[in-house]
Amino acid sequence: MFDDVCLTPARQIGRHSHPQWELSHVICGAGTRTIGDLTEPMTENEIILIPPNIPHEWQFDPSHTDTAGKIANITILFETATLDKLAFAIPEINSAISKFKSLSEAISLCGEAHRKVYDLMLAMREITPDARVPKMIEVLQIIADADKCISAGRNNTLSRAKLRLEHVRVFCHCNYAREITLEEIAAYVGMNKSAFCTFMRRHAGKSLSEFVNDIRLKRAMEMLRHTDKNISDIAYDTCFANVTYFNRLFRNKYNRTPKSVRTEKQ
């Protein structure tokens, strides 16, 4: 999957993990990134490779954006099975694929490898998906042969419960702007409703509605600080149909009103 993204910093997804390899190129933006057990400053034009199942998060500084107030990055996701199929179909790159798959930590590309992969990823923006395939094979070979890469974080192994909670959190971050039902999210993580409610109380310390509302209120805080939307629109955008209810929850969480945050911004 080739994803060329341009969005506001507040819309960047929170900490998450997935079973695919991820190659990420920050085109515009700066801030901090957390990968596994390591949090470091994030710089424009960096290229990071993350092996499967390592939790990671990019936190962009709202003051480092383009003229439209947006950040930009390219993300390429691919399966380990894809690497295996390439090695089988093209024996000449078998050695490179084996070296690539041996990586157990995230790496930041530098030097000649960074320059070459940088050019290839930008070139992929302008071509069709099928034309990206040979360029992606070239990217894999360059990374496998790179002798100067910087460690960007190792996997801090998650328990089964923490991994499940991570999946819940990512689902809620992606769907907070609409109603999330107990039935659908319980099914999403493979549990019945009763077991899921118990799981949330035990491992998150709160109910699903409290968990989701925390995410919505955090998003509302970001919108109050970094957009000019009026308070009622922000309430509706974060799935609070009742503005009075939104104001009450916001004050309970932050000990201040949405209006006071907006006044501070001005």
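Just so you know, these numbers use all the heavy atoms, side chains as well, and skip hydrogens, waters and symmetry mates. Positions are given from 1 along the sequence.
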Review point. Do Phe199 and Leu208 belong together in a cluster built from hydrophobic side chains that touch within less than 4.5 Å?
Key: yes
Practice item. Using the rule that two of Ile, Leu, Val, Met, Phe, Trp, Tyr join whenever any of their side-chain heavy atoms come within less than 4.5 Å, decide whether Leu83 and Leu120 are in one cluster. Key: yes
Point to revise | Where Ile71 and Gly29 come nearest, the two heavy atoms and their spacing | key: CG2-CA, 4.0 Å
Point to revise | For Glu79 against Trp21, the heavy-atom pair lying closest together | key: C-CD1, 4.2 Å
Practice item. Kindly determine whether Asp214 and Lys218 satisfy salt bridge (charged side-chain N to carboxylate O under 4.0 Å, His left out), including the steps that lead there. Key: CA-CA 6 Å; Asp214 278 352; Lys218 181 179 178 181; over 6 Å; no
Going by atom type alone, with no hydrogens or angles, which donor-acceptor pairs under 3.5 Å involve a side-chain atom of residues 131-142 and a protein atom two or more places apart or on another chain?
from: Arg132; atom 1: NE; to: Met124; atom 2: O; distance (Å): 2.8
from: Arg132; atom 1: NH2; to: Met124; atom 2: O; distance (Å): 3.3
from: Arg132; atom 1: NH2; to: Ile127; atom 2: O; distance (Å): 3.4

Practice item. Check the pair Lys99 / Asp145 against side chain to side chain contact (heavy atoms under 4.5 Å, CB included), numbers first and verdict last. Key: CA-CA 8 Å; Lys99 289 171 64 177; Asp145 294 337; 3.4 Å; yes
Under 3.5 Å, side-chain donor or acceptor atoms of residues 239-253 against the rest of the protein: list the pairs with distances, not counting sequence neighbours.
from: Asn242; atom 1: OD1; to: Thr244; atom 2: N; distance (Å): 2.9
from: Asn242; atom 1: OD1; to: Tyr245; atom 2: N; distance (Å): 2.8
from: Asn247; atom 1: ND2; to: Val243; atom 2: O; distance (Å): 3.4
from: Asn252; atom 1: ND2; to: Arg248; atom 2: O; distance (Å): 3.3

Check your understanding: Among Glu166, His56, His173, His167, which one satisfies side-chain hydrogen bond (donor to acceptor under 3.5 Å, both in side chains) with His16?
Key ->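 Exactly one candidate clears the test, His56.
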Counting distance only, does the side-chain N/O of [X] pair as donor-acceptor with the main-chain N or O of [Y] below 3.5 Å?
X	Y	result
His226	Gly69	no
Ser207	Glu210	yes
Arg262	Lys229	yes
Arg154	Glu105	no

Exercise for review: Go through Asp130 and Thr128 one step at a time and tell me if the side-chain hydrogen bond (donor to acceptor under 3.5 Å, both in side chains) criterion holds.
Suggested key: CA-CA 6 Å; Asp130 57 323; Thr128 59; 2.5 Å; yes
**Study point:** Pairing of Asp84 and Lys101 as salt bridge, 4.0 angstrom limit
**Key:**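 The answer is yes: the pair qualifies as a salt bridge.
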Exercise for review: Start with the C-alpha distance between Glu44 and His64, add both sets of side-chain angles, then the distance that settles side-chain hydrogen bond (donor to acceptor under 3.5 Å, both in side chains), and finish with yes or no.
Suggested key: CA-CA 9 Å; Glu44 194 167 284; His64 288 80; over 6 Å; no
Check your understanding: Yes or no on side chain to side chain contact (heavy atoms under 4.5 Å, CB included) for Cys197 and Leu182, after CA distance, side-chain angles and deciding distance?
Key -> CA-CA 9 Å; Cys197 289; Leu182 177 61; 3.7 Å; yes
Practice item. Run the numbers on Glu184 and Arg178 for salt bridge (charged side-chain N to carboxylate O under 4.0 Å, His left out), then give the verdict. Key: CA-CA 13 Å; Glu184 70 169 325; Arg178 66 170 180 84; 2.8 Å; yes
